[in-house]
Amino acid sequence: MAAPIDLLIADAVADPHATFAALRDRGPVVWSDTHRAWIITGYDGVAEAFLDSERLSSDRLTPYWARLTPDRAAVLGTTFDVLRGWMVFHDPPRHALLRNPVRRAFTPRQVQRLAPGIERIAAELLDGIAERGECDLKAEFAFPLPALVIADLMGVEGADRHRFKDWSAKLAAIVFGESDNPRRDARAAEGSAEFVDYFSWLVRHRREHPGEDLVSALLAAQAEEGAGELSELELVGACTLLLFAGHETTTNLLANSALALLGRPDQAALLRSRPETVDTAVEELIRFDGPVKTMVRVAARTHERGGVTLERGQTVYLSVAGANRDPAVYDRADDLRLDRVPGRPGISFGQGLHFCLGAALARLETRIAVPALLGRFPDLALTGDDLSWEPQILTRAVRELPVSVGT
Ligand code: HEM
């Protein structure tokens, strides 16, 4: 009998790539009794699933809400009000209504104008680290950088910028389901209440004093024909989604990328010596150990997929990490090769209707932050060999990244 599939046992958390490789060998779609869910294991299946919004729904919020006990529902009411404004949890036609204004506002121009700010933020953070000589690179670089960038994007100033980091961490408690954190409901509720207060204020403020920021652009986009009108709460939802989606993922990408390069000095040397290859390198870092391990869908109706029957209402995990290391698509898939030019489109930002709206920003942050880190600290080295990872199904998140930066 095949071993039970548990994505949260210690080995699977520490090395999900070996776990997903074993699952790919079992078949294109496998059932986990532990998670009461299907797992789509390889590149083709995952790509197809991303594009199949008819049979695979993105609305995992409604079933989650329905399962909550009245006590939990009472604590999490505001959190769900906010999350219901997140496009990522909606199917057509509602999805387009929530996505269009953000898509119109979040333009390449908005992203490009952030480049000098990202360079400045990266340099300041690295200056601080240089003074200390040793640090937790996740806490002191990978975590604050995207939070400060997203604050810039949204036109948040001064002390408020630092509050972003805490809110995002609190909301992560519910979205990523911190399985070992008993306080997670309370933390999520706390974070949501603070979000709602702050963003309601910010939206009102930007209505009266529009600027170059994304919130102003979002308000302006609403006025455009066909962009769709968002309620006040949906606007707050859109802001929190951008803050959240733009923070945790990029933090983990930066941390995972640094770790990957620390383990492969030859590849770090390649990037240092050939900075013009940075775009290809970034794609490979996202593929190799990106922040998204799995995405979630719910079977919208009973259907066949990969030789098995998915029943309506069943949970389906799309194994992005498994797709990213699929040997049918990537030659020597377990090797980090920064000059890799894949024959197929990357899958880490999703595909189709829900394709990541922040992909350009995430790439820009990485293409600035990683070379800045390597350039500034030629002797960067890990100081601990006992790394631990967050026990989460959806994200690949190292807890701490202790490094010394040399002299
Ligand atoms: C390395 C960093 C990132 C990764 C790997 C990533 C990955 C993804 C993925 C896989 C999806 C698809 C979700 C689905 O199909 O259900 C997604 C959606 C989304 N991402 Fe990202 N993301 C990243 C960074 C960002 C950033 C920086 C932002 C914005 C500032 C952002 C905003 C969004 C939004 C708004 C959606 C929802 C799109 C929709 O549902 O239509 N992401 N992201």
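Residues: numbered from 1 along the sequence shown. Nothing here was measured: the structure is a model prediction, and the numbers come from that model. For ligands, and for the atoms within them, numbers begin at 1 and follow the listed sequence.
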> Among all protein non-hydrogen atoms, which one is nearest to atom 34 (C) of ligand 1, and what is the separation to 0.1 Å?
Replying inline: L357 N, 3.9 Å
>> Heavy-atom distances under 4.0 Å decide this one: backbone, side chain, both or neither, for P146 against ligand 1?
In response: neither
> What's the shortest distance from atom 24 (C) of ligand 1 to any protein heavy atom, and which residue and atom give it?
Replying inline: T249 OG1, 3.4 Å
> More than 12 foreign heavy atoms under 6.0 Å from CZ of R120: is that the case here?
Replying inline: yes
> In the protein, what heavy atom is nearest to atom 28 (C) of ligand 1, and what distance, to one decimal place, separates them?
Replying inline: G358 CA, 3.3 Å
> Taking non-hydrogen atoms only, is H90 closer than 4.0 angstrom to ligand 1 via side chain, backbone, both or neither?
Replying inline: neither
>> Under 6.0 Å from the ring centre and within 45 degrees of the ring axis: does the NZ or CZ of R325 meet both conditions for the six-membered ring of F288?
In response: yes
>> Between the side chains of D81 and R84, is the shortest nitrogen-to-carboxylate-oxygen separation below 4.0 Å, so that they form an ion pair?
In response: yes
> Is there a heavy atom in G290 that sits closer than 4.0 Å to ligand 1?
Replying inline: no
> Taking atom CG of L7 and atom NZ of K293, what is their separation to the nearest 0.5 Å?
Replying inline: 7.5 Å
> Relative to the heavy atoms of F106, which atoms of ligand 1 are at a distance of less than 4.0 Å?
Replying inline: 29 (C), 30 (C)
> Which is closest to atom 18 (C) of ligand 1 in terms of heavy atoms, C356, S53, G346?
Replying inline: C356
> So which protein heavy atom does atom 27 (C) of ligand 1 come closest to, and at what separation?
Replying inline: G246 CA, 3.4 Å
>> Taking R312's backbone N and O only, do any of them form a donor-acceptor pair with T302's side chain (distance below 3.5 Å, no angle check)?
In response: yes
>> Closer than 4.0 Å to some heavy atom of R99 - which atoms of ligand 1 meet that?
In response: 38 (C), 39 (C), 41 (O)
>> Is the terminal nitrogen or CZ of R287 (NZ for Lys, CZ for Arg) located under 6.0 angstrom from the six-membered ring centre of Y330 and within 45° of that ring's axis?
In response: yes
> Out of H247, H354, R396, R297, whose heavy atom sits nearest atom 16 (O) of ligand 1?
Replying inline: R297
> What protein heavy atom is closest to atom 25 (C) of ligand 1, reported as residue, atom name and distance in Å?
Replying inline: A245 O, 3.4 Å
> Which ligand 1 atoms are under 4.0 Å away from a heavy-atom of M295?
Replying inline: 10 (C), 13 (C), 14 (C), 16 (O)
>> Under 3.5 Å, is there a donor on one side chain and an acceptor on the other for D339 and T277?
In response: no
>> For L253, which part has a heavy atom under 4.0 Å from ligand 1: side chain, backbone, both, or neither?
In response: side chain
>> Can a side-chain donor-acceptor contact be found between S58 and H95 if the only test is distance below 3.5 angstrom?
In response: no
>> Would you say CZ of R132 has more than 12 non-hydrogen atoms from neighbouring residues, nucleotides or ligands within 6.0 angstrom?
In response: yes
> Got a second to check how far L98's CG is from H90's NE2, nearest 0.5 Å?
Replying inline: 5.5 Å
> So is T250 polar-close to ligand 1, meaning N/O to N/O under 3.5 Å?
Replying inline: no
> Who's closest to atom 6 (C) of ligand 1 heavy-atom-wise, of F355, F50, F349, F89?
Replying inline: F349
>> I'd like to check which ligand 1 atoms, numbered from 1 as shown, lie under 4.0 Å from a non-hydrogen atom of A362.
In response: 1 (C), 2 (C), 24 (C)
>> Out of all atoms in ligand 1, which are within 4.0 Å of some heavy atom of V88? Include the element for each.
In response: 13 (C), 16 (O), 40 (O)
> Is R94 paired with D59 through a side-chain N to carboxylate O contact shorter than 4.0 Å?
Replying inline: no
> Quick one: which of L285, I286, L394, L241 has a heavy atom closest to atom 35 (C) of ligand 1?
Replying inline: L241
> At a 4.0 Å threshold, what atoms of ligand 1 neighbour a non-hydrogen atom of L353?
Replying inline: 41 (O)
> At what distance is the nearest protein heavy atom to atom 7 (C) of ligand 1, and which residue and atom is it?
Replying inline: S348 O, 3.6 Å
> Tell me: protein heavy atom nearest atom 30 (C) of ligand 1, and distance?
Replying inline: I150 CD1, 3.3 Å
> Under 4.0 Å from any heavy atom of L242, which atoms of ligand 1 are there?
Replying inline: 29 (C), 30 (C)
> Taking L23 as the fixed residue, which of V29, I5, I40 is the one that meets the side-chain contact (heavy atoms from CB on, under 4.5 Å) rule?
Replying inline: I5
> What's the spacing between L387 CG and E400 CD if we round to 0.5 Å?
Replying inline: 9.0 Å
>> Is it true that, when you exclude E124 itself, more than 12 heavy atoms of the residues, nucleotides or ligands shown sit nearer than 6.0 Å to its CD?
In response: yes
